[in-house]
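Below: one structure, written as structure tokens.
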Amino acid sequence: TNAAYQDALGALDGLAENTAANARERAIIHHYRALCLLALNRPQDATGAIEAMVGEDPLYSPPHDELSPRTRETFLQVQRRLLPSIAQDRYTRAKSTYEGGRPKEAVAEFDRLLEILDAIAATGDTPPLMADLRVLATGFRQLASAAAEAAPQLEPTSGSGAASATTEPAGGRTGGNETPVAAAARQITVTPPVTLR
């Protein structure tokens with residue numbers, strides 16, 4: 001209100017040091033730091049603050065009706081530049097989570113990635129690679145979701161199978177019979193996609 005932008009920067013820097021702040025709160029802090037730096041005619045520092053904002057929370061964007069056209073374009077330029085690389089990093093991380101046997105976590109990460117891809121589309125300049133990334137993310141999310149739904153069904157069976165294996169006499173099963181766990185695991189076979197080019 002008083003246009004004391006330098007004092008405001010000091011207050012914002014103090015808030016940024018709060019380790020209890022979550023990603024969205026830190027993004028908002030960098031958003032207001034960028035506005036103060038733009039008002040002080042420090043465009044390079046303002047760009048760095050916007051980059052920090054996008055890095056903290058790629059889905060956060062200042063309300064457009066609160067920004068002047070020039071300031072809004074500054075934010076959009078940084079978002080267009082950074083979001084595609086962030087999306088590729090998030091895809092790599094989500095795919096590693098899925099391949100590491102944590103399908104439920106992978107579903108959440110792929111959902112986040114799809115939201116970032118929506119944010120990229122909202123900037124109005126979507127690189128062609130992002131369309132391919134959306135196809136891959138959607139396919140892997142379906143695989144992860146199927147694996148996550150199958151996992152709870154196997155756990156009770158696994159427990160009962162272990163119990164029967166310990167209580168049943170050695171000659172109680174014929175060599176050709178499969179345990180319910182083995183039969184269920186054999187039915188749930190997921191083949192992930194393979195990169196062709």
Side-chain angles (χ1 to χ4, degrees), residues 12 15-16 18-35 46-67 71-155 185 187-197:
L12 291 167
L15 289 174
N18 180 10
T19 57
N22 58 37
R24 175 55 58 89
E25 290 169 342
R26 290 192 297 270
I28 294 173
I29 291 170
H30 289 302
H31 156 210
Y32 282 103
R33 287 187 70 252
L35 294 179
T47 298
I50 299 172
E51 290 173 351
M53 180 197 80
V54 176
E56 289 288 355
D57 188 349
L59 296 179
Y60 175 75
S61 184
H64 285 183
D65 57 354
E66 296 181 6
L67 304 177
T71 304
R72 181 164 60 245
E73 185 60 28
T74 302
F75 276 85
L76 283 175
Q77 286 177 357
V78 176
Q79 289 174 313
R80 290 192 191 108
R81 177 164 52 84
L82 293 184
L83 285 178
S85 61
I86 291 175
Q88 293 181 63
D89 291 342
R90 292 295 181 96
Y91 168 75
T92 301
R93 187 191 310 172
K95 185 171 177 285
S96 297
T97 302
Y98 166 68
E99 292 174 343
R102 304 193 306 275
K104 186 176 293 187
E105 295 177 32
V107 169
E109 291 183 11
F110 281 118
D111 285 341
R112 183 80 168 178
L113 169 59
L114 291 170
E115 290 177 347
I116 294 174
L117 292 172
D118 290 338
I120 293 173
T123 64
D125 186 14
T126 306
L129 179 61
M130 294 300 101
D132 297 335
L133 199 63
R134 182 182 292 275
V135 172
L136 289 171
T138 302
F140 269 112
R141 191 211 177 278
Q142 292 173 349
L143 291 173
S145 179
E149 291 175 1
Q153 297 174 5
L154 289 177
E155 289 174 1
Q187 293 172 357
I188 304 172
T189 302
V190 178
T191 303
V194 179
T195 302
L196 298 180
R197 58 185 170 91

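Below, each value reflects all heavy atoms present in this structure, side chains not excepted, and no hydrogens, waters or symmetry copies. When a residue number appears, it is its place in the shown sequence, counting from 1.
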What are the two closest non-hydrogen atoms of [X] and [Y], and how far apart are they?
X      : Y      : value
Glu109 : Ala94  : OE1-CA, 3.0 Å
Ala144 : Ala106 : CB-CB, 4.0 Å
Met53  : Ala27  : CG-O, 3.3 Å
Ala147 : Pro103 : CB-CB, 3.8 Å
Pro58  : Ile86  : CG-CG2, 3.8 Å
Glu56  : Ala23  : O-CB, 3.4 Å

Does a side-chain heavy-atom distance below 4.5 Å link Thr123 with Ser61?
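They are not in side-chain contact.
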Just to verify, what does [X] make a side chain to side chain contact (heavy atoms under 4.5 Å, CB included) with, not counting sequence neighbours?
X     : value
Ala87 : Leu113, Ile116, Leu117, Ile120, Met130, Leu133
Asn22 : Arg24, Glu25
Glu99 : Lys95
Arg72 : His64, Leu67, Pro69, Leu76

Applying side-chain hydrogen bond (donor to acceptor under 3.5 Å, both in side chains), name anything that partners [X], two or more places apart in sequence or on another chain.
X      : result
Thr71  : Ser68
Asp111 : Arg141
Gln88  : none
Arg90  : none

Straight-line distance of Asn18 CG to Arg26 CZ, nearest 0.5 Å:
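One finds 9.5 Å between CG of Asn18 and CZ of Arg26.
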When Glu51 is tested against each of Gln79, His30, Arg81 for side chain to side chain donor-acceptor pair (under 3.5 Å), which residue passes?
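Of Gln79, His30, Arg81, side chain to side chain donor-acceptor pair (under 3.5 Å) with Glu51 is met by Arg81 alone.
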In chain order, what residues pass the salt bridge (charged side-chain N to carboxylate O under 4.0 Å, His left out) check against Glu115, with sequence neighbours excluded?
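Not a single residue meets the salt bridge (charged side-chain N to carboxylate O under 4.0 Å, His left out) criterion with Glu115.
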Derivation of the side-chain contact (heavy atoms from CB on, under 4.5 Å) call for His31 and Leu12:
CA-CA 10 Å; His31 156 210; Leu12 291 167; over 6 Å; no
Using a strict threshold of under 4.0 Å (side-chain N to carboxylate O), is an ion pair present between Arg112 and Asp89?
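Answer for the salt bridge query: no.
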Between Glu105 and Arg93, is there a side-chain N and carboxylate O pair less than 4.0 Å apart?
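Salt bridge between Glu105 and Arg93, a charged N being under 4.0 Å from a carboxylate O: no.
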Going through the distances and angles, do Leu136 and Phe110 end up as a side-chain contact (heavy atoms from CB on, under 4.5 Å)?
CA-CA 10 Å; Leu136 289 171; Phe110 281 118; over 6 Å; no
Name all pairs fulfilling the ring-ring contact (aromatic ring centres under 6.0 Å, His included) condition that reach into residues 80-104, sequence neighbours left out, sorted by first residue then second.
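Applying ring-ring contact (aromatic ring centres under 6.0 Å, His included) to every pair that reaches into residues 80-104, excluding sequence neighbours, yields Tyr98-Phe140.
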